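To start, the structure itself, in structure tokens.
All values derive from a computational prediction rather than experimental measurement. Just so you know, ligand 1 is whichever comes first in the structure, and atom 1 is the first atom listed for that ligand. In what follows, every heavy atom counts, from backbone to side chain, and hydrogens, waters and symmetry copies are set aside.
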Amino acid sequence: MKKHIAVLAGDGIGPEITNGAIAVLNKIGEKFGHEFDFEQLLMGVCAIEKTGEPLPQYTIDRCLASDSVLLGAVGGAVGDKRIEKLPGHLRPEAGLLKIRSALGLYSNLRPAKLFPALAGACPLRKDIAEKGIDLVVVRELIGGIYFGARGRGTEEGGEYAYDTEKYNVEEVTRIAKIAFELARKRRHHVTSIDKANVLESSRLWREVVHNVAKDYPDVELTDMLVDNTAMQLVKNPSQFDVVLTSNIFGDILSDEAAQITGSIGMLASSSLGATKRGLYEPIHGSAPDIAGKDIANPIATILSAAMMLRDSFDLPEEAKAVENAVNQVLDEGYRTADIMSEGMKQVKGSEMTKLIVERI
Ligand code: NAD
């Protein structure tokens, strides 16, 4: 298989961690007989410095011509006056929103997995953590209350403000299909999150998800109210496989899910639309505080590359090979600084990459 991958390394630790993922993909190519070629493109502060804008049209065009996109992170140091004085549409983060909409990425997948070797980093009770956490939040990304009508006005009694949660059948159908398809590649269980006891939009959400479920008789569907889900995530997270959510519920629950698994340097994500071309990135930012020191953990980005192999290129065996190599290195006691604990062997970011590559 031959694939062309656009690389938006971005700022801060972005180049270090994307280099880690490229090294891993090159090893996968060598071992399984695939050819991956990489095209480095500008986005973020580096793009502003060279072109005056955070996401040049050339970058968008080349991403659209690629088979998939690997992103490091964008953004300068908090308090960087040169960046903070820029108008909103010229800030690095504006590039992030623009590339997602330019590529039509309506679904955001955030796996939250507790690595057995890192169980000590889990803030949950030991007996709960021991049952394992291995779930994926499938979040609708370009609809719902974040994009609905909003405004302010005045009425008797003073000022008011409103935001609107609105979903149509098509928006719910397409994200539900993503969740069910994903469940087929995992443990065949979807939990659909709503607030159908109160919200009309949630009642439509539930109806549509049940309609989609008819095409997936091999996948079990559970409905769960969002407030109960917040509780169940800390009480019994092992029950979840694929968690299907609206934009706002997913925003909140995916952060909760990330937190219960330990380190920010370990968590990958993908955003997908109607085609196989996705955007794959770690959930963390550009970490300017540690940039250039070779101490950033590359694992979140390496696991994002594994998601690319599985979800964009349909290469599950290759994805598993990456995940197994990560597990092996952790089992052997190697740790970057962010996940270091007593008795373990601390390594630099580039050494961590090398160890993972050697084990593929
Ligand atoms: P951050 O995620 O960059 O860093 C938070 C903390 O986690 C820092 O202490 C950092 O050193 C640490 N950390 C992050 N990734 C790590 C890794 N791989 N290994 C080890 N430690 C790691 O969040 P922040 O400091 O709030 O934001 C810094 C910049 O990143 C800002 O400009 C922000 O806007 C941007 N940002 C970008 C994205 C993105 O590109 N998707 C996401 C979040 C924040």
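- Among all heavy-atom pairs drawn from Ala9 and Gln40, the shortest one is CB-OE1, 3.9 Å.
- Contact check for Lys185 versus Asp311: side-chain heavy atoms found under the 4.5 Å cut-off.
- Taking every non-hydrogen atom of Glu281 and a distance limit under 4.0 Å, the qualifying atoms of ligand 1 come out as 41 (N).
- For ligand 1, the atoms closer than 4.0 angstrom to any heavy atom of Gly76 are 29 (C), 31 (C), 32 (O).
- In this structure, atom 14 (C) of ligand 1 is in close contact with the protein, since a protein heavy atom lies within 4.0 Å of it.
- Between Ile17 and His284 the shortest side-chain heavy-atom distance falls below 4.5 Å.
- Using a cut-off of 4.0 Å between Lys/Arg side-chain N and Asp/Glu carboxylate O, Glu207 and Arg203 are scored as not salt-bridged.
- Neither the backbone nor the side chain of Pro92 has any atom closer than 4.0 Å to an atom of ligand 1 (non-hydrogen atoms only).
- Here the straight-line distance linking atom CG of Leu8 with atom CG of Leu70 works out to 8.0 Å at 0.5 Å rounding.
- Across all non-hydrogen atoms, the minimal contact from Gly292 to Glu16 is N-OE2, 2.6 Å.
- For atom 5 (C) of ligand 1, the closest non-hydrogen atom of the protein is Ile264 CD1, 4.7 Å.
- Against a heavy-atom cut-off of under 4.0 Å, Pro288 is close to the following atoms of ligand 1: 28 (C).
- For ligand 1, the atoms sitting less than 4.0 Å from at least one non-hydrogen atom of Ala296 are 19 (N), numbered in the order shown with element in parentheses.
- At a 4.0 Å heavy-atom cut-off, ligand 1 touches Ile13 through the side chain alone.
- The nearest protein heavy atom to atom 40 (O) of ligand 1 is closer than 4.0 Å.
- Cation-pi geometry between Lys345 and Tyr334 is met: under 6.0 angstrom from the ring centre, within 45 degrees of the axis.
- Heavy atoms from other residues, nucleotides or ligands lying under 6.0 Å from NZ of Lys276 number more than 12.
- For atom 27 (O) of ligand 1, no protein heavy-atom neighbour is present inside the 4.0 Å cut-off.
- Of the protein's non-hydrogen atoms, the one nearest atom 29 (C) of ligand 1 is Ser286 OG, 3.3 Å.
- Taking any N or O of Ala287, backbone or side chain, at least one lies under 3.5 Å from an N or O belonging to ligand 1.
- Nearest protein heavy-atom neighbour of atom 43 (C) of ligand 1: Gly285 CA, 3.5 Å.
- Atoms of ligand 1 lying under 4.0 Å from any heavy atom of Ile290, numbered from 1 in the order shown and given with element: 11 (O), 20 (C), 21 (N), 22 (C).
- Heavy-atom proximity to Glu93, at under 4.0 Å, picks out these atoms of ligand 1: 32 (O), 33 (C), 34 (O).
- Distances from atom 8 (C) of ligand 1 to the protein include at least one heavy-atom value under 4.0 Å.
- For atom 35 (C) of ligand 1, the nearest protein heavy atom (residue, atom name, distance) is Val74 O, 3.2 Å.
- Distance screen at 4.0 Å: atom 18 (N) of ligand 1 has a protein heavy-atom neighbour inside the cut-off.
- The minimum heavy-atom distance between Val45 and Gly76, with the atom names listed, is CG2-N, 3.6 Å.
- Residues Glu281 and Val69 have side chains not in contact (no heavy-atom distance under 4.5 Å, counting atoms from C-beta outward).
- Counting heavy atoms from C-beta outward, Met308 and Ile5 have side chains that approach closer than 4.5 Å.
- The pair Asp251-Arg110 does not count as a salt bridge, with every side-chain nitrogen at least 4.0 angstrom from each carboxylate oxygen.
- Close contacts between ligand 1 and Leu96 involve ligand atoms 39 (C), 40 (O), 41 (N) [criterion: under 4.0 Å to a heavy atom].
- Those atoms of ligand 1 with a heavy atom of Ala73 less than 4.0 angstrom away are 40 (O).
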